[in-house]
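We count ligands from 1, going down the list as the structure has it; atoms in each ligand are counted the same way. Given the structure is predicted, the values throughout are model-derived calculations rather than measurements.
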Amino acid sequence: MDFLKLSLFEIKQKLESNEITSEELTKMCFNQIKATQKLNALVSTCEEFALSTAKKVDQKRKNGEKLGALAGVPVIIKDNINLEGTRTTCASKFLENFVSPYTATCAQKLLDADAVILGKANMDEFAMGSSNENSAFGPVLNPVNQDYVPGGSSGGSATCVKANQCFASLGTDTGGSIREPASFCGVVGLKPTYGRVSRFGVVAFASSLDQVGVFSRTVKDNALMLQVISGEDQEHDMTSAKMPVPNFVENLKTDIKGMKIGVAKQFFDDKLNSEVKQSLENALKFFEQNGAILVDVNLPSLDVASSAYYIISSAEATSNLARFDGVKYGFQAQNFDGIIDLYFKSRTQGFGPEVKRRIMLGNYVLSSGYFDAYYRKAKRVQKIIQQEFAEAFEKCDVMICPTVATTAFKLGEKTDDPVAMYLSDIFTVPINLAKLPAMSIPCGQDKKGLPIGMQIIAKQWNEQAIFDVANFFEQSTKEAK
Ligand code: GLN
């Protein structure tokens, strides 16, 4: 039996029935990590910590003690999430040797649920990117076809799940960084409602848009993981919402009859690759045949979402990244002449080109002469997009569209063209601007065998509707295979 290929729920059951111990499973995962090292999915591993956690959980199980929901299950977290005693690099030279002095709430919740954290996933530097080629530690390779990018910025988190290095992982999504790599790698990736998961201990990119979420091989696994990491954390993150955390797994519906699925034509225009379009149309037909009602909705401002997103996110990044000055922690340039020179040299040498581009863009749009023309206008666009989504959701329960207009692109294909790179997330950024939850699930593949992702969007706090639709699709299409 290949334990590593099982879903999180299946492996949980194997652990519960003592067919395998967590220690054995953890060792298998580390062997798999070594065997698939070429993918460059991880920045670092914490083998000693993982094995000692696994042994503790095994012992607790032996003693008949109460165990958490993820007891003994190996997982991986993105390298912008702090875990005490491990390096948290954000895939930046700036933080290459930074060791976390504390643990992020989401990581702590995994540990409290008795999960085994194996290591930290590679990413685009400070989560800026769509291909994982902006990492100071080299690109991640797509596990389906190594000539292609895995997507970004959480490319490592998607890859480690697809490559069976672990059973689920955490990523972050500011403009698509969970859903785009999930789509490119053929796994399930959810960005929850803004405020569902605490951001405490997660290195900020654009604080008003950043959200932690889950990669998994099945929808039900994703629901369980979200249940574990969600919840208010007002003491540490005031934007974490005081919302009850539903039992997503128990509430999973097996039927979609009468469910209203919104389809906005703006997601299906000529920018869409024909194979992606075909795959999405097949999925919509499938839903209709199974009793769902397709409803036309309108999102007229969708085409300006990307511009607004890159203005707002860069403005916030500029402010968040001001702390990296070479004084208190992180990279410090040698041979400097006074404090200004120290800042200048540390930031010049410590940050990669994309991060510098965002800092310049952010400062530009915030500068007194341009604030109204760019930043204020972008915030207005954000309001309009929020309203358009609110109106659309008066007519439907979920909306469905492609996650990305194409399948994965080749390594190096867009590195010289930042605008082309930015346009890879035209379908994902509007959801962050509107603070909604959305998931990417696999819904087919193109002629080259590359995965196609379908995006399911819901109203704020209604992740349940996403899980229901996605689970129905996954289970029915699995049976059909
Ligand atoms: N690709 C987008 C960007 O580069 C999204 C990144 C993210 O969601 N962290 O900003």
Atom indices of ligand 1 within 4.0 angstrom of D173 heavy atoms, with elements: 8 (O)

ring-ring contact (aromatic ring centres under 6.0 Å, His included) evaluation trace for Y364 with Y374: CA-CA 9 Å; Y364 181 78; Y374 291 104; 5.7 Å; yes

Whether F331 and F94 hold their rings parallel, tilted or perpendicular, with breakpoints at 30° and 60°: perpendicular

Polar atom proximity, A127 to ligand 1 (N or O, under 3.5 Å): yes

Audit row: F267, F427, ring-ring contact (aromatic ring centres under 6.0 Å, His included) steps and yes/no: CA-CA 7 Å; F267 282 121; F427 296 158; 5.4 Å; yes

Any N or O of S130 closer than 3.5 Å to N or O of ligand 1: yes

Nearest non-hydrogen protein atom, atom 7 (C) of ligand 1: S177 OG, 2.3 Å

Close N or O approach (R358, ligand 1; < 3.5 Å): yes

Short side-chain donor-acceptor distance under 3.5 Å, T172 and D210: no

side-chain contact (heavy atoms from CB on, under 4.5 Å) evaluation trace for V197 with L226: CA-CA 8 Å; V197 182; L226 182 66; 4.0 Å; yes

Atom indices of ligand 1 within 4.0 angstrom of M128 heavy atoms, with elements: 4 (O)

Nitrogen or oxygen of G176 less than 3.5 angstrom from that of ligand 1: yes

Atoms in ligand 1 flagged as close to S153, the criterion being non-hydrogen separation under 4.0 Å: 9 (N)

Which of the ligand 1 atoms, numbered from 1, are nearer than 4.0 Å to a heavy atom of G175: 5 (C), 7 (C), 8 (O)

Aromatic ring pairing F126/F324, orientation class (parallel under 30°, perpendicular over 60°, tilted between): tilted

Identity and separation of the nearest protein heavy atom to atom 5 (C) of ligand 1: Y309 OH, 3.3 Å

Any residue meeting side chain to side chain contact (heavy atoms under 4.5 Å, CB included) with K383, in chain and number order, not counting sequence neighbours: Q386

Contact atoms of ligand 1, heavy-atom distance to F205 under 4.0 Å: 9 (N), 10 (O)

Lys/Arg N to Asp/Glu carboxylate O, E354 vs R357, below 4.0 Å: yes

Heavy atom of the protein closest to atom 2 (C) of ligand 1 (residue, atom name, distance): D425 OD2, 3.1 Å

Numbered atoms of ligand 1 (with element) below 4.0 Å of G129, judged on heavy atoms: 1 (N), 2 (C), 3 (C), 4 (O), 6 (C)

Under 3.5 Å donor-acceptor, T53 side chain and V116 backbone: no

